[in-house]
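These notes are about the structure you will find just below.
Both counts, for ligands and for their atoms, begin at 1 and track the order of listing.
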Amino acid sequence: MLKDFSILTHAYDATSAQLDDATATERRLSQLRGCFSDSEAYDEALAREDSLLYRVTAVEPAHGNGDLHYGLGVLYPGKVGSEYYLTKGHLHRTREAAEVYIGLTGEGMMLLEDEATGESRLEPIGEGKVVYVPGHTAHRTMNTGSTPLTYFGVYPANAGHDYGAIADRNFLKVLIEENGIPVLKDRISL
Ligand code: S6P
Ligand code: ZN
């Protein structure tokens, strides 16, 4: 019911790339151990600085059937070795829950991986792009540009996040920079 909601509008602050009155989660390099393919480059980068890679501010207004949650993500530019800064990546705990990403600023890619078949797709995300992430699909975002990549993600309230399944084996593909352009490789071949 309408009276249950104290706030329906949240300010999107383009400068800080955050939603006001939202729950913030920050991910630093030290929290992404095991995500990057080049573990030597990872250790070297971490020894230099525990950099902030991304932040998500999430709004979870209600938790019933049919409700929606959303988050604003900002993923900073950078690389570990030749691999672009990335998010941990996850499946939804409710596997059939899909999600829509709306790119706001910057340039990046989303790596989508079908949980059952391992089939991978790389989709562009950033200013001017909207990506539909089907259910049963692990998703990870990479910043391939030189400015912050910001995006909204909108998902069913019961989607939940399952990081464990993907942390156990990681994504099958890796997006690296080769001769100045992003190239998708098999993790196993690196
Ligand atoms: C939530 C949505 C995004 C991610 C964000 C960070 O369903 O997909 O808001 O949470 O991109 O990625 P991760 O994998 O660390 O949650
Ligand atoms: Zn998601």
ask   = Does even one non-hydrogen atom of G89 get within less than 4.0 Å of ligand 1?
value = yes

request  = May I ask whether R140 places a heavy atom under 4.0 Å from ligand 1?
outcome  = no

Give me the nearest non-hydrogen protein atom to [atom] as residue plus atom name, then the distance to 0.1 Å.
| atom | result |
| --- | --- |
| atom 10 (O) of ligand 1 | H90 CE1, 3.8 Å |
| atom 16 (O) of ligand 1 | Y163 OH, 2.5 Å |
| atom 2 (C) of ligand 1 | E99 OE2, 2.7 Å |
| atom 12 (O) of ligand 1 | T87 CB, 3.5 Å |

Just list the side-chain donor-acceptor pairs under 3.5 Å for residues 143-153, sequence neighbours left out, or say none.
| from | atom 1 | to | atom 2 | distance (Å) |
| --- | --- | --- | --- | --- |
| N143 | OD1 | G145 | N | 2.8 |
| N143 | ND2 | L75 | O | 2.8 |
| N143 | ND2 | T147 | O | 2.9 |
| T150 | OG1 | T105 | N | 3.2 |
| T150 | OG1 | T105 | OG1 | 2.6 |

task = Measure from the side-chain N and O atoms of Y42 to the backbone N and O of R33, and report whether any donor-acceptor pair falls under 3.5 Å.
result = yes

request  = Say whether, by atom type as modelled, one donor and one acceptor occur between the side chain of N170 and the main chain of G34 under 3.5 angstrom.
outcome  = yes

ask   = If you measure only the distance, is there a donor-acceptor pair under 3.5 Å linking the side chains of H92 and H161?
value = no

inquiry  = Tell me which one of L175, V131, T87, T137 satisfies side chain to side chain contact (heavy atoms under 4.5 Å, CB included) with M110.
reply    = V131

Need the ligand 1 atom indices (1-based, order shown) with element for anything under 4.0 Å from a heavy-atom of [X].
| X | answer |
| --- | --- |
| H92 | 7 (O) |
| H139 | 8 (O) |
| V56 | 5 (C), 6 (C), 9 (O) |

request  = Consider every N or O of R27 and every N or O of ligand 1, then say whether any pair is closer than 3.5 Å.
outcome  = no

message = Any nitrogen or oxygen of H161, side chain or backbone, less than 3.5 Å from one on ligand 1?
response = yes

task = Pick whichever of F152, Y155, Y101 has a heavy atom sitting closest to atom 3 (C) of ligand 1.
result = Y101

key: Option of least heavy-atom distance to atom 11 (O) of ligand 1 (set: Y54, Y151, Y70)   = Y151

Taking the side chain as C-beta and beyond, is there a heavy-atom pair between [X] and [Y] under 4.5 Å?
| X | Y | answer |
| --- | --- | --- |
| Y76 | R55 | yes |
| L68 | Y155 | no |
| L29 | L53 | yes |

message = Do L184 and L112 sit in one hydrophobic cluster, given that two such residues count as connected whenever their side-chain heavy atoms are within less than 4.5 Å of each other, even indirectly?
response = yes

key: Same apolar cluster: Y54 and L72, side chain cutoff 4.5 Å   = no

ask   = For E99, what is the atom name of its N, O or S atom nearest to the Zn ion (ligand 2)?
value = OE1

key: Which N, O or S atom of H90 lies nearest to the Zn ion (ligand 2), by name   = NE2

message = At a threshold of 2.8 Å, where the distance has to be below it, does the Zn ion (ligand 2) have an N, O or S atom of H161 nearby?
response = no

